[in-house]
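On a predicted model such as this, the values are computed, not experimentally measured, just so you know. Remember, it's 1-based here, ligands and their atoms both numbered in the order they're listed. Index from 1, following the sequence.
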Amino acid sequence: MIRSWRQIFRVTAADAAPAGPAPFVTSSVAQVYKRNPEVGCGQALAKGGMAGPRPVVLTGPSGAGKSTLLKMLMREYEGLFGFSVSHTTRKPRPGEVHGKDYHFVTLEDMKKGVERGDFIEHAVFSGNMYGTSTAAVQAVQANNQICILDIDMQGVKSIKKTRLNPIYISIHPPSVQILEKRLRDRNTESEESLQKRLNAAIEDLEISKEPGLFDAIIVNDDLEEAYTKLKGILGEEIKQTQSGKNS
Ligand SMILES: Nc1ncnc2c1ncn2[C@@H]1O[C@H](COP(=O)(O)OP(=O)(O)OP(=O)(O)O)[C@@H](O)[C@H]1O
Ligand SMILES: Nc1nc2c(ncn2[C@@H]2O[C@H](COP(=O)(O)O)[C@@H](O)[C@H]2O)c(=O)[nH]1
């Protein structure tokens with residue numbers, strides 16, 4: 001019997017999901033766009049009986065534009081997507097809201113949460129801990145929304161060992177130079193943090209070449225173009241979830 005992602009994501013990291021089919025690949029100078037035939041099949045599982053919308057993992061270097069793109073999605077499709085609010089030990093940036101952008105916690109509390117098994121995945125990034133709690137994903141699934149996880153590459157690797165079965169999308173900058181400029185212009189990082197993020201970016205861009213790691217890679221050069229591509233990749237899932245909500 002096919003189980004829903006709601007049930008199966010609780011399976012531990014030790015219970016690795018089988019590798020998916022080889023991705024269909026199209027590419028141009030401006031973009032690398034890998035499409036897995038299974039993308040958008042969450043509702044196919046639903047037809048099997050129990051699945052809700054398939055979650056979406058958005059990853060990519062810090063500064064690539066993940067938050068910008070996911071906020072656009074959530075604005076255009078109000079109520080359709082729900083953000084998985086991660087925990088982090090980093091300090092809030094101006095304007096960030098506890099419980100909305102992140103659960104901002106102390107290192108001690110984060111470690112306790114990890115020991116209790118509260119997290120589906122967790123990682124250290126640029127000197128701080130980050131993690132996706134089971135509760136964060138469940139809070140979204142309870143609303144029958146498409147759950148979006150904004151996580152780093154370590155998180156992707158951990159989620160791959162579970163049966164959450166999300167759509168994996170990596171957002172890339174046009175170049176590391178442009179990434180650096182965007183991060184500097186964002187004005188949120190110390191020089192030390194910026195360098196750590198750039199080093200992680202170079203490493204992660206290399207890792208993301210691994211065949212089959214992502215269902216799609218979107219190069220975020222022109223924002224509107226990148227957003228249109230993102231909507232295209234999620235189109236089937238959006239349509240199915242909308243029709244589920246309207247029925
Ligand atoms: N296509 C684009 N062209 C120019 N600037 C962009 C583009 N996309 C995003 N930006 C800007 O780049 C900066 C980084 O974007 P954003 O904060 O969304 O990145 P991120 O991937 O979520 O980073 P982090 O992982 O650190 O949270 C922001 O100031 C954003 O406004
Ligand atoms: N593995 C995880 N990575 C996460 C999580 N939440 C966010 N992130 C990633 O951290 C970096 C830095 O984020 P910032 O908000 O400090 O700029 C970025 O790549 C996020 O995707 C998480 O729960 N797990």
Polar side-chain atom of Lys66 near backbone of Gly60 as donor-acceptor pair, under 3.5 Å: yes
From Arg93, Met72, Arg186 - option closest to atom 29 (O) of ligand 1 by heavy atom: Arg186
Residue-ligand contact Gly60/ligand 1, heavy atom below 4.0 Å: no
Thr88 vs His103, side chain to side chain donor-acceptor pair (under 3.5 Å): CA-CA, chis, key distance, verdict: CA-CA 6 Å; Thr88 184; His103 299 289; over 6 Å; no
Shortest reach to atom 17 (O) of ligand 2 by a heavy atom, considering only Glu189, Arg93, Arg90: Arg93
Short side-chain donor-acceptor distance under 3.5 Å, Glu76 and Tyr227: yes
Any donor-acceptor N or O pair under 3.5 Å, side chains His122, Thr132: no
Min N/O separation His122 to ligand 2 under 3.5 Å: no
Option set Gly63, Ser86, Gly60, Ser133, criterion heavy-atom distance to atom 22 (C) of ligand 2, minimum: Ser86
Leu183, any N or O under 3.5 Å of ligand 1 N or O: no
Protein residue, atom and distance nearest to atom 20 (C) of ligand 2, heavy-atom basis: Asp150 OD1, 3.5 Å
Heavy atom of the protein closest to atom 10 (N) of ligand 1 (residue, atom name, distance): Arg182 CD, 4.0 Å
Subset of ligand 1 atoms that lie under 4.0 Å from at least one heavy atom of Leu223: 1 (N), 8 (N)
Within-cut-off N or O pair, Lys66 and ligand 1, under 3.5 Å: yes
Val156 and Val57, any side-chain heavy atoms less than 4.5 Å apart: yes
Minimum-distance protein heavy atom relative to atom 9 (C) of ligand 2: Asp152 N, 3.7 Å
Test item, Asp221 contacting ligand 1 (heavy atom, 4.0 angstrom): yes
Contact partition for Thr188 relative to ligand 1, non-hydrogen atoms under 4.0 Å: neither
Nearest neighbour in protein (non-hydrogen) for atom 13 (O) of ligand 2: Tyr102 OH, 3.3 Å
Basic-acidic side-chain contact under 4.0 Å: Lys112, Glu108: yes
Shortest protein heavy-atom distance from atom 23 (O) of ligand 1, along with the residue and atom involved: Gly63 N, 2.8 Å
Heavy atom of Ala226, distance to ligand 1 below 4.0 Å: no
Pair Phe119 and His87, ring centroids less than 6.0 Å apart: yes
Protein heavy atom at shortest distance from atom 24 (N) of ligand 2: Glu121 OE2, 2.7 Å
Which of the ligand 1 atoms, numbered from 1, are nearer than 4.0 Å to a heavy atom of Pro61: 21 (O)
Close approach, Arg197 and ligand 1, non-hydrogen under 4.0 angstrom: yes
Interfacing atoms of ligand 1 (cut-off 4.0 Å, heavy-atom, Thr68): 9 (C), 15 (O), 16 (P), 18 (O), 30 (C)
Short N or O distance, Asn220 and ligand 1, threshold 3.5 Å exclusive: yes
